[in-house]
Structures are given as C-alpha cells and as structure tokens.
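Since the structure comes first, as structure tokens, the remarks are kept for the end.
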Amino acid sequence: MVCLINYRRIMPEGPSIIILKELILPFKGKKILDATGNASIEMDRLKNKKILDIRSWGKQLFLVLDKITVRIHFLLFGSYSLHEQVKPDKSVRLCLKFKNGTVYFYTCSVRILEENIDSLYDWSADVMSDKWNPGKARKKLKDHPQLMACDALLDQQIFSGVGNIIKNEVLYRIYLHPETRIQHIPPRKLTELINEARNYSFDFLKWKKEYVLKKHWLVHTKKICKRCELPVIKKYCGITKRRTFFCVNCQRLYPSNV
DNA sequence: TGCCATGTTAAACT
DNA sequence: GAGTTTAACATGGC
C-alpha cells in the first residue's frame, strides 16, 4: 500500500471528484481555521466556518458552509494536495487549514454560491450519484434528436460528470459511431448508451484508485483497434469538437446503408 | 522544445 | 438579440 496522501493529481472527470470527496471527508464537520490563496473570493467568509457537508455534482465539488457554498471546478489543469504543500505559495488558489490537516487547490475555479445548491443543479443527472435517473436522461436525449452521440455524452445537463475519456470509451464499448444522431439510435442501443455512461464511470473510478486507468483504455489515444486491428480514427467530432477516437469498422453509424 | 489536452466561461465576432 | 467563434485560464506529459 502506497501512501499518496501528499500527492498532487490532476482531476477533471467525475470519478476523480469522488476520489477527492472521499479524501477530504475527514474535514466534514470541522472548522476552517484559516483560508488563504489567490482565488478571487472573500476568504474571511470562510474563516471559522464549519464544513457542514461535502458534495459533488459531476465535475464540481461543493463545500457546504452555513448559508454559503464554496464551489470548486478543476477545469482542465486543476489539481490538489493534502496536508503538504508542494508548490510555491503564490500558485495556491485556495488553502484550507483544519485542526486535522490542510487541503490545497491549484489552477481551479473557486466561487462562492449564495443560493441553496439543491435548487441549482439537477442531481439526477449526475452519473456517479445515487440519485442518477436513467429514465430522465433518456427523456432529455429525446428532446435533442439532432444531437450526435459524442456531444450528448459531454452534455453536463444530461450526463453530469462524463468527460472526454469516458465519452470515447463508452462509445467504443457499445459499438456506436460517435457521429450517430440520437434520433437514429435504436432503442436498445440508446439504453446501452445511458447505462454504460454510468457503468464505465464506476470502472474509471475503480481503475483510477488503483492507478491503472490508462492501462484499461480500449480506444482513447489508441492507434489500432483492439478488436479488428484496423486503424483507430482520430477526429474532432460534433459541436463540441473534442478529440474523438473510434473504429469505423466496429462502431456502427446509424442510419446505416449496409 | 513545442504542441496539445480528462474543461468551461465569457468576450468578441457575425 | 441570436448564434457562433475565439480567447482565456496556465500545468504537465510526450
């Protein structure tokens, strides 16, 4: 067992936020003794406040205090460390000191939300959540018949927490071409899409915890298809224009002419 | 060394 | 105003 408590990691997709949430669980119920950093928030509003709850929605982390909530989003380059600071002071965006430890956040978006966060987010859209509702996801997909599968998976209102890696792996797993439009996906295939968005996210979580995530990528960043050994296509697909890896031989484009 | 990426927002355009 | 494009953020792996 390797102790990685001081280790900084980059963050982006939903499962990584779950890992962080678990790591900082010891701070739940604890008082913030000091809050520092270059985030453009009033640090005084955090000082001497208790962390009432630690929650997440997709790629966002929430530290719930009395009346306000600190929202942290790691964007593309965000990272954190626990207990031990590994970067020079000025790069620390937010540092929270507790009696039982310290957490540091880097290169992330930090905001204070005044509203009750329950009314701000659709918690049933979070693929990692107990409140995840596949039926509701299906309904939302039906409302966007023109949307390509690759764009739908990245839509945080439908699949909160899904990122580009998960997108590519899910589509490969279910043999679906990224540019297939929702209206053309057969019902059973659509069910697979919705279910795999959640399933793969939990596999991602498990592998990430064991530091073997990359090893399990089937198509993301790959050059050759593991199934048919034909070249994997790399294309910036859909309205999101994100890197998409897929096999035209194995992943079916609907409607199909064949 | 330079390019590019697990992401999102907001300004700058048409 | 709407929809679309671009910039900004600013780290680290290859």
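All chains are named by letter (A, B, ...) in the order of the sequence lines, taking the proteins before the strands, and each is independently numbered beginning at 1. Since the model is a prediction, treat every value here as computed from it, not as a measurement.
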Inset, instruction - Using a cut-off of strictly less than 4.0 Å, decide whether A:Lys241 has a side-chain nitrogen or oxygen near OP1 or OP2 of C:dT6. - result: no
Inset, instruction - Please check if any side-chain donor atom of A:Asp126 sits under 3.5 Å from a side-chain acceptor atom of A:Ser160, or the reverse. - result: no
Inset, instruction - Go ahead and write out DNA chain C as dot-bracket, 5' to 3': ( ) for pairs within the strand, [ ] for ones crossing earlier pairs, | when the partner sits on another strand, dots for unpaired; Watson-Crick or G-U wobble, both distances under 3.5 Å. - result: .||||||||.||||
Inset, instruction - May I ask you to verify if any side-chain N or O of A:Arg93 is less than 4.0 angstrom from the OP1 or OP2 atom of C:dA10? - result: yes
Legend entry - Any A:Lys234 side-chain N or O less than 4.0 Å from OP1/OP2 of B:dC4: no
Legend entry - B:dT6 phosphate, OP1 or OP2, under 4.0 Å from A:Lys59 side-chain N/O: no
Inset, instruction - Would you indicate what A:Lys167 reaches in the nucleic acid, counting non-hydrogen atoms under 4.0 angstrom: base, sugar-phosphate, or nothing? - result: nothing
Inset, instruction - Ignoring hydrogens and angles, state whether a donor on the side chain of A:Thr221 or A:Arg243 is under 3.5 Å from an acceptor on the partner side chain. - result: no
Inset, instruction - Return no unless some side-chain N or O of A:Arg242 is found under 4.0 Å from OP1 or OP2 of B:dG7. - result: yes
Inset, instruction - State whether A:Arg243 places a side-chain N or O below 4.0 Å from either non-bridging phosphate oxygen (OP1 or OP2) of B:dT6. - result: yes
Inset, instruction - Respond yes when some side-chain nitrogen or oxygen of A:Tyr200 is under 4.0 Å from OP1 or OP2 of B:dT6, and no when none is. - result: no
Inset, instruction - Give a yes/no answer on whether the side chain of A:His73 brings an N or O atom under 4.0 Å of OP1 or OP2 in B:dG7. - result: no
